[in-house]
Each structure stands twice: as structure tokens, then as C-alpha cells.
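Right, one structure below, let's go through it.
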Amino acid sequence: MNKAKRQAVIAGNWKMNKTRPEAKALIEQIKPLVKDADCGVVVCVPYTNLETALEATKGSNIKVGAENCHWAKSGAFTGEISADMLAEMGVEYVVIGHSERRQYFGETDKTVNQRVRAALDAGLKVILCVGELLEQREQGITEEVCGMQTKVALCGVSKEELSHIIIAYEPVWAIGTGKTATAEQADEVNGFIRSVVAGLYGEDAAQALTIQYGGSMNAKNAEELLSKEHVDGGLIGGASLKAEDFSIIVKAASK
Ligand code: 13P
């Protein structure tokens with residue numbers, strides 16, 4: 001099975017949560033619970049918590065990510081953070097194209113592509129988010145939407161660079177709603193995304209790509225979702241803010 005060859009990665013997306021002392025306390029709680037993980041473990045935290053997270057995770061198996069980055073190297077972009085700034089700190093991952101950025105902050109497929117390019121140029125690993133809205137699923141255009149988002153985001157990304165990318169399929173209707181996609185729905189779209197990547201980069205590259213599922217993944221449903229052939233991990237929102245729940249998901253991915 002190809003799944004066995006791919007690295008499973010469980011990443012927490014803390015979104016706009018936690019002050020620095022709270023971030024430190026949460027990481028200290030998570031550390032012993034995930035130390036024997038047989039999968040990648042990442043915490044993606046607000047910019048203000050990056051230094052705290054890097055310090056707290058030193059010497060552990062937990063990697064640190066940011067939740068976005070700008071596409072320019074530097075310049076007059078008030079309030080923004082560049083990929084180089086993150087890389088210089090020692091940050092390893094960055095989430096790009098999250099649906100909350102697309103919904104609330106005018107993120108487009110084109111700006112997602114520009115940010116992916118900037119992140120790769122800075123040496124960061126990218127967690128690229130794609131996913132359909134509820135009405136798009138109801139119209140039967142989930143594959144068109146996810147296919148287009150994937151293709152545009154990967155414009156100008158080489159086959160070699162693809163190994164620095166994780167794709168996270170996050171159906172927007174499942175985020176923060178408690179409404180999870182069924183394991184079959186997640187597997188079906190993840191498999192479709194893999195076929196799109198195969199069309200761009202060939203079957204070998206597509207088979208090696210880690211494709212996560214995100215959207216109300218929790219301690220109870222993780223094992224079933226993660227058992228599916230094309231679900232190579234998870235991007236976890238709410239449940240990543242509870243050490244115990246997050247560690248149960250990491251354990252499920254380690255099987
Ligand atoms: P929830 O797990 O809270 O649904 O959030 C998922 C998500 O958006 C992760 O990026």
C-alpha cells in the first residue's frame with residue numbers, strides 16, 4: 001500500500017487563540033504526550049507565539065509553523081509578515097490558503113499561489129489548504145473547486161519543490177461546525193486531489209504527497225478518518241487546543 005510509505009502529519013492550527021503564557025503551557029502539556037509519535041507533529045501558532053513555541057519545543061519532536069505569510073520579500077505592506085522573517089526565526093512550516101483567509105481576508109487562488117512561491121523560496125514547508133463551500137458541494141462541483149484551487153496554487157512549483165508541500169483538504173462546511181466529512185467523503189476528495197497532482201507531476205510524486213484532512217477532526221473520529229488510504233494526517237483546529245485530544249489524534253496517526 002502506498003499509504004504506508006507516506007509520512008502522516010498531524011498539525012494543529014491554533015488560529016487566533018492563546019497568549020504567550022497560555023501557548024507555553026499548552027506546548028508543555030502536549031510535549032510528553034506526543035514524544036513517542038510515529039508521525040510528524042506540528043503546531044501552527046499566531047505570529048506572537050512563534051518565538052515562545054520555538055523555545056518550548058526545542059529538543060522535542062514538535063515542529064513549529066506560522067498561519068500565513070506575505071508574498072513579497074519585504075516592503076510597504078503594513079501589518080504583514082514575510083516568509084524570510086519566519087525562516088530567519090527557525091519556523092519550519094507555514095499554512096497557506098486557509099479558508100478563513102479566503103473568506104474573511106480576500107485571499108484568492110492567485111495570492112495563495114504567490115504566497116506558496118514566497119514560502120518555498122524562503123525554505124519553508126507549506127501546508128496548502130483547499131476545500132469547497134457547502135453550496136459548491138450541493139451543486140456537485142467539489143472536484144472542480146478543489147482541482148482548480150490545487151492547480152492554481154501549484155503554478156510554478158517544481159516536482160522537487162512538491163516534496164516541501166502538504167495539501168490539507170478542508171471542506172469549509174466542516175470547519176468549526178462539528179460537522180465532519182464522512183471518512184468516505186474525505187478519502188474520495190483526497191484521492192481526487194492526488195489524481196490532480198498526478199496529472200501535474202506524475203504518479204510517483206502524487207503517491208509520495210502527504211494529503212491531510214481538516215474540519216472538525218477530533219479525538220473520537222480521527223482513527224476512522226486516518227484509516228483511509230488517501231487521508232495522511234490532519235489539520236486540527238479546535239481539538240488542537242486541548243493537549244489530551246490532540247495527543248489522541250497523534251496516536252491515531254501513529255498506528
Ligand atoms: P476545526 O478542527 O476547529 O473544525 O478547524 C479545522 C481547521 O480549520 C484547521 O485548519
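Both counts, for ligands and for their atoms, begin at 1 and track the order of listing.
- Of the protein's non-hydrogen atoms, K15 NZ, 3.2 Å is the one closest to atom 5 (O) of ligand 1.
- Among the atoms of N13, some N or O lies under 3.5 angstrom from an N or O of ligand 1.
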Stepwise side-chain contact (heavy atoms from CB on, under 4.5 Å) check, I96 with V94: CA-CA 6 Å; I96 294 182; V94 61; 3.9 Å; yes
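- Checking only distances, I175 never comes within under 3.5 Å of ligand 1, N or O to N or O.
- Contacts of A174 with ligand 1, taken as heavy-atom pairs under 4.0 Å, involve the backbone alone.
- Checking only distances, G215 never comes within under 3.5 Å of ligand 1, N or O to N or O.
- Rounding to the nearest 0.5 Å places CG of D187 at 9.0 Å from CZ of R194.
- At least one donor-acceptor pair closer than 3.5 Å links the side chain of R117 to the backbone N or O of G156.
- In this structure, Q212 contributes its side chain and V9 its backbone to a donor-acceptor pair below 3.5 Å.
- Ligand 1 has no nitrogen or oxygen under 3.5 angstrom from a nitrogen or oxygen of E100.
- Tested against D109 for a side-chain hydrogen bond (donor to acceptor under 3.5 Å, both in side chains), the candidates Q149, K151, R102 yield a single pass: R102.
- Among all non-hydrogen protein atoms, the one lying nearest atom 3 (O) of ligand 1 is G238 N, 2.8 Å.
- Within the 4.5 Å cutoff, side-chain heavy atoms of W14 are placed close to those of P46.
- Hydrophobic cluster membership differs between L235 and L124, with clusters built from Ile, Leu, Val, Met, Phe, Trp and Tyr side chains linked at under 4.5 angstrom.
- Contact of the E107 side chain with the V112 side chain is registered, since non-hydrogen atoms from C-beta on lie closer than 4.5 Å.
- Atoms of ligand 1 found under 4.0 Å from any heavy atom of S216 (numbered from 1 in listed order, with element): 1 (P), 2 (O), 4 (O).
- When hydrogens are left out, the protein atom nearest atom 2 (O) of ligand 1 is G237 N, 2.9 Å; that is the closest non-hydrogen contact.
- Within ligand 1, counting atoms from 1 as listed, the ones closer than 4.0 Å to a heavy atom of E170 are 6 (C), 7 (C), 8 (O), 9 (C), 10 (O).
- Considering backbone and side-chain atoms together, G176 places an N or O closer than 3.5 Å to an N or O of ligand 1.
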